[in-house]
Every structure is written in structure tokens, then in C-alpha cells.
Amino acid sequence: MEKLQALLNIDSNYIIIGLLVILYTMEQILNRPFSFSKRPQHLLNNILFQIAFFIANYFFATFQVFCIQWLNNNHIGLLHLVQLPFWAKLIIGVALFDMTSYWFHRSAHKIPLLWRLHRVHHSDTTMDSSTFFRGHPLEILVFGNASIIAVALFGMDMLTFGLYLFIFIPFAFLEHTNLLFPAWVDKTLGLIFVTPNFHKVHHEQDQHYTDSNFADIFIFWDRLFGTFKRKPVKEIKYGLSEFDDAKKQSFLYLMKCPFINITRVSSEELHQKKKE
Ligand SMILES: [Zn+2]
Ligand SMILES: [Zn+2]
């Protein structure tokens with residue numbers, strides 16, 4: 001347990017910087033499914049989102065830790081009612097954080113007010129590991145609260161929350177990375193975990209696919225709740241057609257976009273547009 005605690009004490013910012021350097025370099029050297037024209041600009045734009053998130057998280061994390069500790073001290077949540085081995089409690093806890101995030105993510109696609117924030121993540125018309133950073137800082141109010149709700153329902157402790165984040169970060173990076181992954185990855189690991197090819201389907205412009213593959217770590221939530229879909233990576237057109245214009249890809253526009261009325265383009269409208 002002490003070794004695990006020491007591992008989880010590593011500053012997540014070091015992990016984020018390390019993974020970005022490794023994956024960004026690999027994407028530059030190795031074969032990739034998506035070809036870029038302005039990769040450095042894309043990286044700088046996405047780093048601005050990460051800085052904005054870092055500032056928002058600085059304040060929100062204090063509130064989040066306070067809430068989780070208060071819920072734990074008062075023994076609130078289902079896991080307080082059962083006796084489980086240490087490792088079982090950790091694994092089940094991570095899966096329950098992931099399941100709660102699945103439902104919050106699915107709601108962010110269904111509820112128009114939440115979609116205004118979440119569409120910033122989907123707006124990226126290109127795709128590489130830095131797309132993980134693309135998200136509105138106010139979205140922390142949605143997904144940050146998802147973790148608090150998960151603890152209120154199921155009673156996970158801070159150690160489990162730390163482990164969940166420790167697993168979530170590399171998964172989220174890899175899922176957006178612009179590298180070719182062999183088919184066996186989807187056929188084996190993809191039975192349980194979200195693979196990069198599966199998450200890329202979630203970034204397809206066509207709403208039929210955008211509204212699928214919501215999970216972050218365990219794909220079995222999508223398989224179980226009927227939202228799992230496939231599409232070959234090379235056929236995916238990334239982004240949202242309402243954000244196709246280069247001006248709508250700027251940091252400032254995307255920071256303002258939750259407060260701008262933008263009609264979401266449905267699958268039918270997108271297919272009609274393609275025919276014209
Ligand atoms: Zn989404
Ligand atoms: Zn994504």
C-alpha cells in the first residue's frame with residue numbers, strides 16, 4: 001500500500017508533460033493515420049486549453065478533496081456496507097468512477113446546456129495526443145462533480161481516486177494519439193478497455209458516431225449500455241461540421257463558444273450537406 005501511495009504521489013503535471021513529449025515525438029516519427037499541415041500551431045492552441053484547465057483545477061481540486069474526505073469521514077456510499085479485499089475494493093472503485101464518468105459524458109451529449117461546454121473537446125478537426133487537452137475549463141464543473149457524485153453513491157476513498165486519475169491520464173492520452181494501432185489491439189484489449197481506435201469513433205463528425213463510445217477506461221460500459229460502435233480509423237472525419245471553419249478553431253473563439261448559439265448538425269443534415 002505504501003508503494004502504491006508513493007506512486008500516486010507523483011505530480012500529475014510531470015506525468016502529463018512526460019507523456020506529451022513521448023507521444024508527440026512518436027507521432028512525428030512513426031506512420032500515422034491522420035496527416036497534419038500545421039502541427040506546431042495545433043499543439044500551441046491545445047496547450048492554451050491545458051493552462052486554462054490547470055488554473056480551473058487549482059481551485060476546484062481543493063473543493064473536490066474536501067467533499068470526498070467529508071463523504072468518507074461520514075461513511076457515505078455503498079462500499080462502506082460490504083467487506084472486500086484491499087485490491088478488489090481498488091479495482092471495483094476505479095471501475096465505478098469510470099462508470100459514473102460514462103453517464104456524465106453521455107449526459108453531456110444529450111443535455112444542450114452541457115453540450116455547449118463539451119463540444120469544445122469535439123471541435124478539433126485534427127487529431128493527435130494534444131487533443132486530450134482540448135476542453136473548456138468550465139467542463140471541470142461537470143466531470144469534477146462526477147467524481148464527487150461517484151464517491152457519494154459508492155464510497156470510494158482518496159487512494160482509489162488517486163489510482164483512477166493515475167490510470168485515466170495515460171488512457172486519455174493514448175486514445176487521442178495519432179498512431180496506427182494493429183487490429184489485434186481492438187480484438188483482445190478492446191474486449192475490456194477503450195482502445196485508441198474506439199475513442200476516435202467518438203470524434204467522428206457524424207452524430208451517429210459522436211454519440212457512441214463514451215467510456216474513458218473500460219469499454220464494457222458502452223457494450224453493456226448499448227452505445228458501442230465501430231468505424232475504420234482511416235474513414236473518420238474528425239470534429240464537428242459546425243466548427244469546420246478555421247476561425248472557429250481559435251482558442252478565443254472556443255473559450256467563448258459555450259455562450260454562443262450554434263445549432264448542432266444532425267446525421268441527416270450532414271449527409272444532405274455532403275450530397276449538395
Ligand atoms: Zn464526448
Ligand atoms: Zn476525446
Side-chain angles (χ1 to χ4, degrees), residues 16 19-20 23-24 27 32-34 36 42-43 45-47 49-50 52-53 98-146 165 167-179 181 186 190 193-219 221-222 225-231 233 236-243 249 254 257-258 262 264-267 270:
I16 288 170
L19 283 169
L20 180 68
L23 293 172
Y24 194 83
E27 287 165 328
R32 46 201 180 262
F34 182 84
F36 263 91
H42 176 256
L43 174 68
N45 206 29
N46 282 345
I47 282 178
F49 286 99
Q50 181 61 14
F53 170 80
D98 195 50
M99 186 189 74
T100 314
S101 175
Y102 166 92
W103 282 107
F104 270 72
H105 188 180
R106 197 167 161 174
S107 311
H109 280 241
K110 278 274 168 292
I111 301 168
L113 196 66
L114 301 184
W115 176 248
R116 280 176 175 252
L117 294 169
H118 185 58
R119 66 189 173 194
V120 175
H121 180 62
H122 283 270
S123 66
D124 204 344
T125 48
T126 54
M127 173 69 69
D128 71 6
S129 44
S130 74
T131 301
F132 165 46
F133 295 156
R134 175 80 71 106
H136 201 281
L138 287 178
E139 225 189 348
I140 198 164
L141 298 173
V142 182
F143 291 102
N145 279 316
L165 292 179
I167 296 170
F168 166 78
I169 293 170
F171 260 88
F173 258 121
L174 276 170
E175 282 160 18
H176 298 95
T177 207
N178 186 24
L179 292 171
F181 289 88
D186 296 341
F193 298 108
V194 179
T195 67
N197 290 344
F198 292 165
H199 187 70
K200 289 199 178 77
V201 177
H202 183 71
H203 281 267
E204 154 70 56
Q205 281 202 349
D206 185 342
Q207 195 185 354
H208 173 74
Y209 292 103
T210 325
D211 290 354
S212 72
N213 302 6
F214 294 105
D216 294 317
I217 300 172
F218 298 108
I219 196 68
W221 301 125
D222 284 285
F225 300 125
T227 49
F228 175 63
K229 287 190 187 121
R230 290 174 191 270
K231 184 169 185 172
V233 165
I236 293 173
K237 184 159 168 31
Y238 296 111
L240 296 168
S241 92
E242 55 271 34
F243 285 83
Q249 291 291 314
L254 290 165
C257 99
I262 304 165
R264 191 173 180 184
V265 177
S266 68
S267 283
L270 188 72

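Computation of the quantities below employed the complete heavy-atom set of this structure, encompassing side-chain atoms and omitting hydrogens, waters and symmetry-equivalent molecules. Each ligand, and each atom within it, is numbered from 1 in the order the structure gives.
Inspection of the His42 and Asp124 side chains reveals an N or O donor paired with an N or O acceptor under 3.5 Å. Looking only at atom types and distance, the side chain of Arg134 has a donor-acceptor partner in the side chain of Asn46 under 3.5 Å away. Remark: the His202 side chain and the His105 side chain contain an N/O donor-acceptor pair separated by less than 3.5 Å.
Geometry about the Zn ion (ligand 1) gives an angle of 100° between NE2 of His118 and NE2 of His109, rounded in steps of 10 degrees.
Using a 4.0 Å cut-off between charged side-chain N and carboxylate O, Lys237 and Glu204 make no salt bridge. Salt-bridge annotation for Arg264 and Asp211: present, with a side-chain N of the basic residue lying under 4.0 Å from a carboxylate O of the acidic one.
At a cut-off of 2.8 Å, measuring from the Zn ion (ligand 2), the protein N, O or S atoms that fall short of it are His121 NE2, His176 NE2, His199 NE2, His203 NE2, waters left aside.
Under the 3.5 Å distance criterion, the side-chain polar atoms of Arg119 are matched with a main-chain donor or acceptor of Cys257.
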